Amino acid sequence: MREALIPPAERRHLLTVALEDYFQTGPFRKLIDRNTWYRFETRLEVGTLRALDLLDQFGARATFFVLGWVADVAPELIRTVRERGHEIASKGYYHRTIRQVSREEFRDDLVRSREAIERAGRQQIAGYRVPDRWLGPADLWALDVLAENGFQYDSSLRPMLRAYADEPWRRVVHRHHCRDGKALWEFPLSSTDVLGLQVPVAGGNYFRQFPQWAVRRAVARWDRTVAAPFVM
């Protein structure tokens, strides 16, 4: 099948950064209890400042998804990110998956993390990304809770393999409509089609582990053929 080419007008894509420390990530979940996070030497500042300098070098602006815990322990760093021209959004308070919490616990976590991040950044936030794993088709209730609590967008979907095969529009930027009439924008991580299966190429382990030539080719193909922004 021939690819439908997108006119080469100025394209804008979306760059996101997870602002969290090394001991908070998923692989350490079973080894490090969050009640002991305060005992570990933080590397937040050095990594974040390097990222900010790199973004400045290329004239790029990004959305930084911040843990509420990080905002409470390093508020001046959150303000630095904002003052250097980047957006601040929420990644929850602790690094927990959606499958570890009930609907009520998820709502409480949203409120707590938003208060911490807005207090640190001194401005309102509009966006959210789930802190660990990604939302699957059975987890879309979380989008309803986000909309109910005033969030304007989410970026927690990761199309993979046959996920959302019956709703392919969920694989690109779209509007999620809730039963109560509320809605919010969803910005899924971008993927590429390989023999009919969706392969993520836009973040985390995928971006780091795939060969650079493969990622470049996937991004270039998206830029040529998909009208929606690429979400990295």
Side-chain angles (χ1 to χ4, degrees), residues 10-28 32 34 37-95 110 112-132 134 151-156 158 173 185-190 200-210 212 215-216 218-220 222-223 229-232:
E10 180 182 2
R11 299 295 307 280
R12 289 186 178 273
H13 300 298
L14 303 175
L15 177 63
T16 69
V17 179
L19 207 169
E20 58 194 1
D21 225 324
Y22 67 97
F23 52 81
Q24 298 168 327
T25 57
F28 286 105
I32 301 175
R34 66 173 182 261
W37 282 358
Y38 71 94
R39 297 168 55 185
F40 289 82
E41 178 184 0
T42 180
R43 299 177 186 172
L44 282 169
E45 184 173 3
V46 62
T48 302
L49 294 180
R50 284 178 179 174
L52 291 173
D53 289 343
L54 188 62
L55 292 169
D56 284 347
Q57 179 182 343
F58 289 93
R61 293 293 175 264
T63 295
F64 282 69
F65 288 99
V66 181
L67 285 180
W69 187 91
V70 169
D72 274 342
V73 301
E76 68 289 342
L77 186 61
I78 308 307
R79 286 193 287 274
T80 296
V81 173
R82 177 183 61 79
E83 289 165 359
R84 291 181 63 169
H86 304 281
E87 182 189 16
I88 301 297
S90 175
K91 206 167 188 276
Y93 195 86
Y94 290 117
H95 209 282
L110 287 179
R112 184 181 182 186
S113 60
R114 180 165 57 190
E115 289 177 349
I117 296 165
E118 291 183 345
R119 183 167 57 245
R122 297 175 180 171
Q123 68 174 183
Q124 291 185 329
I125 61 172
Y128 179 84
R129 171 172 285 163
V130 70
D132 194 19
W134 300 94
F151 283 85
Q152 298 176 28
Y153 73 87
D154 172 74
S155 183
S156 300
R158 181 206 59 182
V173 177
W185 286 100
E186 176 60 41
F187 295 90
L189 267 68
S190 296
V201 290
N205 291 330
Y206 314 104
F207 180 63
R208 292 193 294 269
Q209 295 176 6
F210 286 167
Q212 188 180 77
V215 175
R216 286 181 177 273
V219 174
W222 183 288
D223 198 49
F230 188 88
V231 181
M232 173 67 77

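Worth saying up front: this structure is predicted, and the values here are computed from it rather than measured.
Side-chain contact check for Leu19 versus Val70: some heavy-atom pair is nearer than 4.5 Å. Side-chain contact between Leu55 and Leu15 is present, with at least one heavy-atom pair separated by less than 4.5 Å. Using a 4.5 Å cut-off on side-chain heavy atoms (C-beta onward), Leu14 and Phe187 make contact.
Heavy-atom neighbours of Glu83 CD from other residues, nucleotides or ligands within 6.0 Å: above the threshold of 12. The number of heavy-atom neighbours closer than 6.0 Å to CZ of Arg61, taken from other residues, nucleotides and ligands shown, is above 12. Within a 6.0 Å radius of CD in Gln124, no more than 12 heavy atoms belonging to other residues, nucleotides or ligands are found. Around atom CD of Glu118, more than 12 heavy atoms belonging to other residues, nucleotides or ligands sit under 6.0 Å away.
Residues passing the side-chain hydrogen bond (donor to acceptor under 3.5 Å, both in side chains) test with Arg112: none are found, sequence neighbours excluded. Remark: Val215 pairs with Phe207, Phe210, Val219 by the side-chain contact (heavy atoms from CB on, under 4.5 Å) rule, at least two apart or across chains. Listed by chain and number, the residues in a side-chain hydrogen bond (donor to acceptor under 3.5 Å, both in side chains) with Arg208 are Asn205 (sequence neighbours excluded). Remark: Arg158 pairs with Tyr206 by the side-chain hydrogen bond (donor to acceptor under 3.5 Å, both in side chains) rule, at least two apart or across chains.
Among all heavy-atom pairs drawn from Ser190 and Pro229, the shortest one is OG-O, 4.2 Å. Listed here is the closest heavy atom pair of Val130 and Tyr128: N-CE2, 3.5 Å. For the pair Ala202 and Leu189, the tightest heavy-atom approach, listed with the atom from each and the gap, is O-CD2, 4.0 Å.
Here the straight-line distance linking atom CZ of Phe64 with atom CG of Leu77 works out to 9.0 Å at 0.5 Å rounding.
Judged by distance alone, with hydrogens and angles left aside, the side-chain atoms of Glu186 form no donor-acceptor pair with the main-chain N or O of Val173 at under 3.5 Å. Listed for the Thr48 side chain is no donor-acceptor partner under 3.5 Å among the backbone atoms of Val81.
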Inset, instruction - Starting from the C-alpha separation in whole Å, work towards a yes-or-no answer on side-chain hydrogen bond (donor to acceptor under 3.5 Å, both in side chains) for Ser155 and Arg129. - result: CA-CA 5 Å; Ser155 183; Arg129 171 172 285 163; 2.7 Å; yes
Inset, instruction - Would you check, one step at a time, whether the test side-chain contact (heavy atoms from CB on, under 4.5 Å) holds for Phe65 with Ile125? - result: CA-CA 10 Å; Phe65 288 99; Ile125 61 172; over 6 Å; no
Listing, residues 84-92 side-chain donor-acceptor contacts under 3.5 Å, not counting sequence neighbours, or none:
{"residue": "Arg84", "atom": "NH2", "partner": "Asp53", "partner atom": "OD1", "Å": "2.8"}
{"residue": "Arg84", "atom": "NH2", "partner": "Asp56", "partner atom": "OD2", "Å": "2.6"}
{"residue": "His86", "atom": "ND1", "partner": "Ala62", "partner atom": "N", "Å": "3.1"}
{"residue": "Glu87", "atom": "OE1", "partner": "Thr63", "partner atom": "OG1", "Å": "2.6"}
{"residue": "Glu87", "atom": "OE1", "partner": "Tyr153", "partner atom": "OH", "Å": "3.1"}
{"residue": "Glu87", "atom": "OE2", "partner": "Tyr153", "partner atom": "OH", "Å": "3.0"}
{"residue": "Ser90", "atom": "OG", "partner": "Gly92", "partner atom": "N", "Å": "3.1"}
{"residue": "Ser90", "atom": "OG", "partner": "Ser113", "partner atom": "OG", "Å": "3.2"}
{"residue": "Lys91", "atom": "NZ", "partner": "Glu20", "partner atom": "OE1", "Å": "3.1"}
{"residue": "Lys91", "atom": "NZ", "partner": "Pro131", "partner atom": "O", "Å": "2.9"}

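Sorted by first and then second residue, the pairs that involve residues 72-82 and meet side-chain hydrogen bond (donor to acceptor under 3.5 Å, both in side chains), not counting sequence neighbours, are Asp72-Tyr93, Asp72-Arg119.
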